[in-house]
Amino acid sequence: MAHESTPDPHIFEMDLTADEARRRTEFFAVMEPDWDPVAAMAAEDEAYRMLYSGLDEHQQRIYERLVAAGVLPPDLGQGRAAD
């Protein structure tokens, strides 16, 4: 980082490797022994499918615009479900 009174830029580096290892260790320490990450992700995917299903026409247009804009990933749900 350069400061107004310092003509040369200063390099600022921070190694987060140890902090990330600590964070992961703490995360797994609080998880229950029967926690299943694959099942948790499957449940999250199902929740997204439910959230983005059964949309009316207006909601579907907004959903498609958000996908096109890159706000939502295209595979969140099945979009409009058949009634």
Report task. Can you see which heavy atom on Leu51 is nearest to which on Leu55, and at what distance? Result ->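 Smallest interatomic distance, heavy atoms only, reads O-CD2, 4.1 Å.
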_Is it the case that the side chain of Gln59 and the backbone of Asp56 share a donor-acceptor pair, with hydrogens and angles ignored and the cut-off at 3.5 Å?_
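Yes: the side chain of Gln59 pairs with the backbone of Asp56.
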task: Give a yes or no on whether a salt bridge exists between Arg49 and Glu46, defined as a side-chain N under 4.0 angstrom from a carboxylate O.
output: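 Yes.
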- Does the distance from a Lys or Arg side-chain N to an Asp or Glu carboxylate O, for Glu26 and Arg22, drop under 4.0 Å?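 Salt bridge between Glu26 and Arg22, a charged N being under 4.0 Å from a carboxylate O: no.
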Find the distance between [atom1] ([X]) and [atom2] ([Y]) and round it off to the nearest 0.5 Å.
| X | Y | atom1 | atom2 | answer |
| --- | --- | --- | --- | --- |
| Arg24 | Phe28 | CZ | CZ | 7.5 Å |
| Gln60 | Arg65 | CD | CZ | 13.0 Å |
| Met31 | Asp36 | CE | CG | 10.5 Å |

Problem set entry | Single-linkage hydrophobic cluster Tyr48~Leu66, side-chain heavy atoms < 4.5 angstrom |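 Tyr48 and Leu66: one cluster.
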Derivation and outcome, salt bridge (Lys or Arg N to Asp or Glu O under 4.0 Å), residues Glu20 and Arg23: CA-CA 5 Å; Glu20 179 63 11; Arg23 185 195 68 78; 2.7 Å; yes
Ring geometry between Phe27 and Trp35 (parallel below 30°, tilted from 30 to 60°, perpendicular above 60°):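 Correct class here is perpendicular.
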